[in-house]
Amino acid sequence: MAAFNFILSESARNLIRNRGSFLLSTIVQAICLLLFSLFVLITINIFRFIGGAQRRIEVYAFLYDKADSTSLMENIRLLRGVADVRYVSKEEALAELKEELKETTSLVEVLGKNPLPASFRIQLEPGSRTLEELERIEEKISILPGIREVWSGKEIIRRLAKAVRLVIGIDIALLVIVAISIVFISFQTVESTILLRSREIEIMRLVGASESTVRSPFLLEGLVQGFAGGIIASLLVTAFYQITAVQTQIIVFPYLTLFVTNIVFGCILGLIGSNIALTRILK
Amino acid sequence: MAAFNFILSESARNLIRNRGSFLLSTIVQAICLLLFSLFVLITINIFRFIGGAQRRIEVYAFLYDKADSTSLMENIRLLRGVADVRYVSKEEALAELKEELKETTSLVEVLGKNPLPASFRIQLEPGSRTLEELERIEEKISILPGIREVWSGKEIIRRLAKAVRLVIGIDIALLVIVAISIVFISFQTVESTILLRSREIEIMRLVGASESTVRSPFLLEGLVQGFAGGIIASLLVTAFYQITAVQTQIIVFPYLTLFVTNIVFGCILGLIGSNIALTRILK
Amino acid sequence: MIEFSDVSKIYGNFWAALSDINIKIDQGEFVFVTGPTGAGKTTLLRLIYRDELPTKGIVKVFGHNLTTLRKKIIPELRRQIGIVFQDFKLLYERTAYENLEFSLRVIGIPKSVIKKKISDTMERLGIGHKSDSYPFELSGGEQQKVSLARALIKDPLILLADEPTGNIDPDGAAEILNIFREINYTGTTVIMATHNTKLAKSSRKRCIALDKGNLISDGSI
Amino acid sequence: MIEFSDVSKIYGNFWAALSDINIKIDQGEFVFVTGPTGAGKTTLLRLIYRDELPTKGIVKVFGHNLTTLRKKIIPELRRQIGIVFQDFKLLYERTAYENLEFSLRVIGIPKSVIKKKISDTMERLGIGHKSDSYPFELSGGEQQKVSLARALIKDPLILLADEPTGNIDPDGAAEILNIFREINYTGTTVIMATHNTKLAKSSRKRCIALDKGNLISDGSI
Ligand SMILES: Nc1ncnc2c1ncn2[C@@H]1O[C@H](COP(=O)(O)OP(=O)(O)OP(=O)(O)O)[C@@H](O)[C@H]1O
Ligand SMILES: Nc1ncnc2c1ncn2[C@@H]1O[C@H](COP(=O)(O)OP(=O)(O)OP(=O)(O)O)[C@@H](O)[C@H]1O
Ligand SMILES: [Mg+2]
Ligand SMILES: [Mg+2]
């Protein structure tokens, strides 16, 4: 197409003429994308934390001092949903406590006798880390002879499930808001360019320009803007990565994925926005 | 001025014609102001916390079991910078520890004898809550006979001073950034309105409109935009207030001040931005 | 080549800018369209380059019925038609040269081949020394000549000129009429709308006279 | 009232649009400015309403030297001058009525008193039925008449008309000239630029002829 060069130079002309509002819109788009990236980041890390917490769920079964730990352990191990059972003796329990209370060593040392009970630490199979399963298993164990008390993290499970629902909800809402914002911003910028150039468009058409020649510069403008917004967001994410993840190494940071996603996302939404502007104004 | 009505209707016309970019710019301005408000909020609360922490600074002086607490107390009370001295006996110290370790009551109960020393809790006068003063007083006390050890929150003071400097630095930086952004955005919007209306302006001048009639609608546009941005930011702050402060009641929230500040700030910066645009484009 | 059959154009449901026009213009003809202000001259031309559609009747150009012409074909139609607009329609932010360049590049003609063509056309109309001037730096007549140059430069099959001498002095107008005659000799159909009845008369060409949207005479006068 | 003393206007450092012009126009005169395209007619008018400043020499209007006139006074000067622009300078986004209204309200005349004035002026020019039309809905001549109405409506002390009949047919042009004569009788100074030398001649008024920026004759012809 011989007009390709022409379209490119026209687009450049547009951008230079509108550089102020182009800059403004690009920055806003970048901020939107950055916001989204940060939230994706938070989500990923929350899920990782939740996964870790679920994996660490244990049921504690405390024994009477005289209970027959070996046969009890066998019984528990046979229960459906139980992955592993570990016996913690009275002495081990005390050692654990000492460990936990590090700062008050002197207190622990003056203890005359050991008041702590022996216990089983019961780990569950992945499929059984739900509220209903936990209640079933807890009940089964508590009626066994020699078991003084059963304690499980039911409350934790309940809260985790709630957290997951909340995070997913916020994520979807934010995705929609960010997407709409970016489309709106592209639409807005391209629309005002079209209005500013409406005379030029009229004349182009009158001298015989094809529809694609008329439209391409505007589509390109939306694309470039989305792309620029994506690049800026990606650079900010990179800066953030350098500051946080590299130094602290606590959080998961799928940094390259975010980089690419921002740009692709920006381009697509930019195109959609300018397309809407074109179909709305240029009948 | 007979043209006043005219200026008003022209401004309204401008706003309606540019409603898209007006909306966009207003939202961006609102976000800037909101950001600023939140930071002011954080600052206020950090300062309150720092103030509280400073007020609570105490020097602990631990006594040998046989020390003469009454005369020691007299001596310490006479030191320059000391506001108040409180004697905490061995029994009181144990009671305090019991209180702090709430969850492990059983452990404390089984203690045979009391291993904790008696101590003085020394409060300082406001002017002496600095690093140098603290060191001086600490030294003076530690050479008194019967004092086993002196402990003061030197490190805390050092950190607090650092935090204060940091917060003030960030605050000023943010204030400058937000102010520049808002001025830039107003400038941008008004500039593009002027460009869009340059033909109208030319004609206005040719038919004899005074400079103030030509300029006022644009100044008004900047003002309205700053005002709108301020209002939106204030509403968001209010929403935030309802969610956080009212429910939790932990943080200080000078909510009315922020509300007014946002609006005034928005108006002034909006006017400055449109004024720059006017003097730059309309020679 | 151009055929109006019972064409009426009614703006806004009641204002008849043209009523029941029947005309036929053959390839290579030279036709004046005359009439006072508001007679419908510009409207007639706009129907030919499909800027407006007739409210009633059929307009045929190059054998195409413009009412049913597919939208994608419109640009191709317009590439064959050179138009001098009554209000010039120059791009304000481009120089005279760039205005001509724009109109050629927009239809896909590469930059390399158009330079000479532009300077030739501008010389011919006597505005070669103004090629780097922006429209606001040109006098009314000079702007009109740039608009004229833009229509001529693409060697159109049909030239539509709407009041092309309204801002040009009598001598200049005669020169332009000569240029029109020249390109008419090479086979281009020329249709010129003007209120300057005297000019039209003196040229002894076919003359379509309109008044208030009605065809009141058609033929040489 | 209007006085040019050794006035030259040079655009872009080398293009002399006007060279050493000396003229004096008294209150109540009726003056034509004639000359071919690019002669400097529009430039001459623009110097009078201080749209441009002379490169050399002095232009005096109402006794003010325009070069040293304080910027704040310019609007007051222009309020006394009605201008018909060669390119009309209508606001595209307002109807004919609103265009007139705008030009009055901008100079502080309240809405209530202008309604009758506008419709009277439009009737007088024969465009009363077009008052709700936007410029793009008007024919070239109708637009020119709106521009004319805008200049007349403020009862100016000086009327500057730049090619005010370029888009209007001979009969219409004669009518407009009559209107100019009428307002000239009431004391308004009328200066009309045109390339229509015949029209100027037939009216037996003072005629300032320009060519390539030079004054080649001044007086009735
Ligand atoms: N888009 C439109 N909407 C409504 N009316 C219109 C429109 N375009 C033209 N008209 C009206 O149609 C009539 C004919 O207009 P046209 O422009 O064809 O006249 P013309 O013969 O070219 O006149 P002129 O010599 O003044 O240019 C005029 O009265 C005009 O007001
Ligand atoms: N702003 C400008 N910058 C540079 N040159 C200019 C400018 N304005 C006018 N000119 C040039 O000055 C000369 C006189 O222009 P002017 O508009 O006065 O002519 P005119 O007599 O009104 O012609 P016409 O009858 O075509 O309107 C022209 O050659 C024009 O190109
Ligand atoms: Mg016309
Ligand atoms: Mg002129």
Side-chain angles (χ1 to χ4, degrees), chain A residues 1-23 189-225 274-283, chain C residues 42 45-46 48-53 61 70-95 98-114 135 146-160 162:
Chain A
M1 196 181 187
F4 185 68
N5 264 336
F6 173 74
I7 290 171
L8 276 190
S9 70
E10 283 302 299
S11 308
R13 212 183 157 105
N14 272 2
L15 284 185
I16 291 167
R17 214 154 77 186
N18 278 21
R19 62 194 174 290
S21 52
F22 175 77
L23 191 70
T189 324
V190 172
E191 191 191 54
S192 75
T193 319
I194 293 176
L195 289 179
L196 214 66
R197 291 196 53 203
S198 54
R199 229 180 135 260
E200 217 153 322
I201 291 170
E202 189 205 339
I203 295 174
M204 275 170 107
R205 285 177 162 168
L206 288 177
V207 298
S210 65
E211 250 340 72
S212 66
T213 308
V214 171
R215 280 163 188 258
S216 302
F218 298 105
L219 282 180
L220 214 57
E221 186 185 356
L223 181 68
V224 168
Q225 189 173 306
S274 47
N275 212 23
I276 294 175
L278 278 171
T279 44
R280 227 191 63 159
I281 305 191
L282 303 180
K283 335 100 254 201
Chain C
T42 301
L45 300 189
R46 288 175 72 196
I48 296 174
Y49 58 90
R50 226 225 83 150
D51 196 28
E52 291 283 355
L53 283 175
V61 177
R70 277 170 45 231
K71 279 217 160 179
K72 283 199 71 169
I73 314 292
I74 300 176
E76 283 169 37
L77 173 77
R78 290 188 182 156
R79 283 171 201 203
Q80 311 301 331
I81 306 179
I83 314 171
V84 188
F85 300 96
Q86 192 171 10
D87 56 355
F88 316 154
K89 294 207 194 295
L90 299 179
L91 298 167
Y92 300 136
E93 285 162 10
R94 303 182 196 237
T95 63
E98 286 168 349
N99 263 284
L100 297 185
E101 186 187 56
F102 181 85
S103 74
L104 291 178
R105 298 215 53 207
V106 125
I107 58 178
I109 299 175
K111 205 167 184 169
S112 47
V113 305
I114 57 186
V146 175
S147 179
L148 200 55
R150 186 176 59 188
L152 294 176
I153 202 168
K154 54 181 182 178
D155 299 324
L157 288 176
I158 303 177
L159 178 74
L160 304 179
D162 196 354

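These numbers come from the heavy atoms of this one structure, side chains and all, not from hydrogens, waters or symmetry mates. So you know, we letter chains A, B, ... as the sequences are listed, proteins then strands, and number each from 1. In this text the structure is predicted, and so the values were computed from the model without any measurement.
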Please classify the contact of A/Arg205 with chain C as side chain, backbone, both or neither, using a heavy-atom distance under 4.5 Å. both
Rounded at 0.5 Å granularity, tell me how far CD1 in A/Ile203 sits from CD1 in C/Ile83. 11.0 Å
d(C/Arg46 CZ, A/Leu206 CG) to nearest 0.5 Å is 9.0 Å
Pairwise side-chain contact, C/Lys111 with A/Asn5, heavy-atom cut-off 4.5 Å (strictly under): no
C/Pro75 side chain reached by A/Met204 side chain, heavy atoms, under 4.5 Å: no
Does C/Lys154 reach the main-chain N or O of A/Val207 with its side chain, forming a donor-acceptor pair under 3.5 Å? yes
Hey, mind stepping through C/Glu93 and A/Arg199 against salt bridge (Lys or Arg N to Asp or Glu O under 4.0 Å) and telling me if it holds? CA-CA 11 Å; C/Glu93 285 162 10; A/Arg199 229 180 135 260; over 6 Å; no
Heavy-atom pairs under 4.5 Å with chain C are the metric here; pick the option from A/Glu211, A/Glu200, A/Arg13 that has the most. A/Arg13
Would you call A/Glu10 and C/Arg94 a salt bridge, using N to O less than 4.0 angstrom? yes
Side chain, backbone, both or neither: which part of [X] has a non-hydrogen atom closer than 4.5 Å to chain A?
X        : answer
C/Arg150 : side chain
C/Leu91  : both
C/Phe85  : side chain

Could you check which of C/Asp51, C/Leu104, C/Leu90 has the highest count of heavy-atom pairs closer than 4.5 Å to chain A? C/Leu90
Between C/Lys72 and A/Ser212, is a side-chain contact (heavy atoms from CB on, under 4.5 Å) present by the stated rule, with each step listed? CA-CA 10 Å; C/Lys72 283 199 71 169; A/Ser212 66; over 6 Å; no
Specify the closest pair of heavy atoms between A/Ser9 and C/Arg105, including all atoms of both residues, with the distance to one decimal. OG-NH1, 4.4 Å
For the student: nearest non-hydrogen atoms of A/Ala209 and C/Val106, plus distance: CB-CG1, 3.3 Å
